[in-house]
Amino acid sequence: MQFEQPPSVRRAPTFHARRDADACQLVGALLPRRAATTRQVQQAHARLAVLGLATARFLPHLLAALPRLSHPPQLEDASSSYPLSLFRRSNSSSAFASNHLLRVLPHPLPLRLFPGLPRRNPHSFTFLLASLSNHLGAGHASGPASSFLGSHVHALAVKAGAAGDLYVRNALTHFYGVCGDVVAMRMMFDELPCVRDVVTWNAVLSGYVRASMVRAARALFEEMPMRDEVSWSTVIGGYVKEGELDVALQVFKDMVEKGVRVNEAAVVTALSASAQLGLLELGRFVHQVVRREEMKVSVNIGAALVDMYAKCGCVAVARKVFDGMSRRDVFAWNAMICGLAAHGLGRDAVELFEQFLADGLCPTNITFVGVLNACSRSGLVAEGRRYFKLMVEKYNVEPEMEHYGCMVDLLGRAGLVLEAIELIEGMLIAPDPVLWGTVLSACKTRGLVDLGVKIGNKLIELEPAHDGHYVLLASIYAKAKKWDEVREVRKLMSSRGTSKSAGWSLMEAQGNVHKFLVGDMEHKDSVQIYNMLGMINRRLADAGYVPDVSSVLHDIGDEEKVHAIKVHSERLAIAYGFIVTEVGSPIRIVKNLQVCGDCHEFSKMVTKVFNREIIVRDGSRFHHMKEGRCSCHDYW
DNA sequence: TTAGGGTTAG
């Protein structure tokens, strides 16, 4: 890209930068304060040219302001080869331009260019290592080969006398951590204890977290002579990564209580933990911290809030946060689209997706998971087919197992079971048995006993340790009232040593989380809970509710089946909700498994008879029950 | 110049 100067400007008095700092300041004044885009840097370049300042002294500062390229430069593409042209026209007597070229170019160019760079300094190793770490951290192959690359750079640094530099050592420590080479990382760390700062400690901490060694990370965290907000957020992120969500939130609370400045990463990870738990009070606590600390609701925090509110049952609040965001990235859109889908608001999700496309944004594989899931939940067959085609043909997104999962579910639920089977059989990748499980589930809802039995037996043969297959097959038999067969399946299941995983329900009340199991007598208020449940049952019976026992798999008499159903964890949670929540406020429950057919009927009836709203998050979706109806339209 | 984070079907 050439910047010709008009003659009138060429005669204008020229600004002479006495020092590099002046040049840096002037270029800085032409750019946004943070994270400029290539386009913005080019605009600043044009203005410099107009001022007659597009010189070797100024250009390196433009290079320094450029974002990293994600693809190797193409010479015919002005914006991607722009860093190279800036570099060529820069002052080659300093390492500054070389270092920023290393930062901007994607792997493997920095590694290739490094030996031939006209000027280098100890910092150059840091830039090179950061480029390698970024590449590996973005999910590209790591392991012994990459670690070897690190030792190669390490050797070069030793030869250049830069290996003692704190920044270089930190970058090396981080690099080994990214490769997963914990031993090499630890050697770097242990070698020169005198050359350490908080970044060194944080690099090791993150190495342990990456290697899923959260215990080692915690031990190191306790041992650290200095900590900053990055140390805290790394530990919180580590616990979230390992699924220790309650510990993650406890560490976040400690961070707040100790008065450590809460940063964006800590908030985002704590929100993610609350979202995964589905516990609204915890999520609200994190949101309150954001407000109290007067933190800016950035794009990342906004997206995390949308996700949290959606996953904690407040899809309307999620939408409010989403609509109020001044800038939204694809993460925010994805969270909102997936959130609407999970709440059974398929048409809203599809509408939002259309708006997303109309705004000219590029959908990712996850956007399509969300929109296909929305179609499947709301029975939008034609739309689902159209988006699946669009995904492949227009957006070049390779269908992954998740997308097939949505499509198989979409077709199966709509009764197009044979088409679903055809789709699986025509797949280019080996189908996950889970897809057959989805078909099996469709056989159950559609009452296709023969096909279901065939697929169920095949699945049990394929994965004998998977309890879900036995459960589904048994419930297909149960629905057809074939109790002998139900007994057979259960016998087979227990002889193979598998058993239905225990279901539980959670309820938040007064800052505590209450967990219930089926027939649970552990709760301190058990007597009251069972009394309340008895009262609810009597009122429902008066209103004409008759239990449907077909979802109970035990080979016991009808009366006992009724009893087993009566004490499902969800009902205990509802009864407890009647005791501890205010009259008129909704009862929110989080379950690990899918809600059973009869509990679903029971809960709907409760909302009608007692005029209470019940919101259940089960293993995969939300049920908003009100006035005897559910947002899932009994379609789940 | 180095360290930390969010969205995913059944």
Side-chain angles (χ1 to χ4, degrees), chain A residues 64 95-96 99-100 102-103 121-130 133 137 165-175 177-178 197-207 209-210 228-238 240-241 263-273 275 298-308 310-311 329-339 341-342 364-370 372-377 400-410 412-413 432-442 468 472 594 619-621 636:
Chain A
F96 185 84
N99 290 349
H100 281 285
L102 290 173
R103 180 184 60 80
N121 62 7
H123 299 336
S124 311
F125 290 96
T126 318
F127 283 93
L128 174 63
L129 286 162
S133 298
D165 180 90
L166 176 62
Y167 279 72
V168 174
R169 297 188 65 79
N170 285 348
L172 268 167
T173 310
H174 176 228
F175 176 81
V178 171
D197 66 358
V198 71
V199 177
T200 323
W201 287 90
N202 288 343
V204 178
L205 203 55
S206 76
V209 166
R210 253 176 237 276
D228 63 3
E229 63 273 17
V230 174
S231 330
W232 284 86
S233 53
T234 306
V235 171
I236 297 170
V240 173
K241 180 168 171 267
N263 60 358
E264 202 191 32
V267 165
V268 166
T269 38
L271 284 172
S272 166
S298 61
V299 192
N300 295 338
I301 293 183
L305 280 171
V306 168
D307 183 49
M308 183 277 286
K311 290 208 175 105
D329 66 358
V330 73
F331 280 85
W333 285 90
N334 288 350
M336 195 66 247
I337 291 170
C338 294
T364 66
N365 53 349
I366 291 164
T367 321
F368 280 106
V369 171
L372 291 176
N373 186 26
C375 294
S376 138
R377 296 277 165 82
E400 292 166 42
M401 210 55 80
E402 287 86 347
H403 304 112
Y404 283 114
C406 294
M407 286 309 288
V408 168
D409 194 42
L410 172 79
R413 279 172 198 283
D432 189 318
V434 176
L435 292 182
W436 288 110
T438 308
V439 178
L440 185 57
S441 168
L472 261 178
Q594 206 177 71
S620 54
R621 64 178 48 65
W636 81 95

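Lettering of chains follows the sequences in order, A, B, ..., and the numbering in each one begins at 1.
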Notebook entry, point to check: Less than 3.5 Å between a donor and an acceptor, one on the side chain of A/Asp329 and one on the base of B/dG6, is that the case here?
Noted result: yes

Check: Looking at A/Asn373, does any N or O in its side chain come under 4.0 Å of the phosphate oxygens OP1/OP2 on B/dG10?
Finding: yes

Next item on the list: Return no unless some side-chain N or O of A/Arg621 is found under 4.0 Å from OP1 or OP2 of B/dA9.
Entry: no

Checklist line | Distance in Å, A/Leu129 CG paired with A/Leu172 CG, rounded so as to fall on 0.5 Å steps | finding: 4.5 Å

Check: To the nearest angstrom, how far is A/Asp432 atom CG from B/dT8 atom P?
Finding: 18 Å

Next item on the list: Look at the side chain of A/Asp409 and decide which nucleotide, out of B/dG10, B/dT2, B/dG6, has an atom nearest to it.
Entry: B/dG10

Notebook entry, point to check: Across the strands shown, which category fits A/Lys241 at heavy-atom distances under 4.0 angstrom: base, sugar-phosphate, nothing?
Noted result: nothing

Check: Mind checking whether A/Phe96 and A/His123 have ring centres under 6.0 Å apart?
Finding: no

Check: Out of B/dG6, B/dT8, B/dA3, which has the shortest distance to the side chain of A/Glu402?
Finding: B/dT8

Next item on the list: Grab the CG-C1' distance between A/Leu102 and B/dT2 for me, whole Å please.
Entry: 15 Å

Next item on the list: Measure from the side chain of A/Ser206, starting at C-beta and using heavy atoms only, and say which of B/dG10, B/dA3, B/dG6 lies closest.
Entry: B/dA3

Notebook entry, point to check: Considering residues at least two apart in sequence or located in another chain, which fulfil the ring-ring contact (aromatic ring centres under 6.0 Å, His included) criterion with A/His403?
Noted result: none

Notebook entry, point to check: Rounded to the nearest Å, what distance is computed from the NE2 atom of residue A/His403 to the C1' atom of nucleotide B/dA9?
Noted result: 9 Å

Checklist line | Between P of B/dT7 and CD1 of A/Ile337, the distance in whole Å | finding: 15 Å

Check: Heavy atoms under 4.0 Å, any strand shown: does A/Ser233 hit a base, just sugar-phosphate, or nothing?
Finding: base

Next item on the list: Determine the contact category for A/Phe127: base if any of its heavy atoms lies under 4.0 Å from a base atom, sugar-phosphate if only primed atoms, P, OP1 or OP2 are that close, otherwise nothing.
Entry: sugar-phosphate

Check: With sugar-phosphate meaning primed atoms plus P, OP1 and OP2, does A/Val299 contact a base, only sugar-phosphate, or nothing at under 4.0 Å between heavy atoms?
Finding: base

Notebook entry, point to check: OP1, OP2 of B/dT7 versus side-chain N and O of A/Ser272: anything below 4.0 Å?
Noted result: yes

Margin query: Whole angstroms only, please: what is the CG-P distance between A/Asn121 and B/dT2?
Written below: 13 Å

Checklist line | Protein-nucleotide distance (A/Phe125, atom CZ; B/dT2, atom P), rounded to Å | finding: 16 Å

Next item on the list: Return no unless some side-chain N or O of A/Arg377 is found under 4.0 Å from OP1 or OP2 of B/dG10.
Entry: yes

Check: Residues in salt bridge (charged side-chain N to carboxylate O under 4.0 Å, His left out) with A/Arg413, at least two apart?
Finding: A/Asp409

Margin query: Using a heavy-atom cut-off of 4.0 Å across all strands, would you classify A/Ala303 as base, sugar-phosphate, or nothing?
Written below: base

Margin query: The side chain of A/Asp197 is closest to which nucleotide in this list: B/dA9, B/dG6, B/dT2?
Written below: B/dT2

Next item on the list: Using atom CG of A/Asp228 as one end and atom P of B/dT2 as the other, report the distance to the nearest whole Å.
Entry: 15 Å

Next item on the list: Report yes if a side-chain nitrogen or oxygen of A/His174 is closer than 4.0 Å to either non-bridging phosphate oxygen (OP1 or OP2) of B/dA3; otherwise report no.
Entry: yes

Next item on the list: Report the distance from atom CZ of A/Phe175 to atom C1' of B/dT2, rounded to the nearest whole Å.
Entry: 14 Å

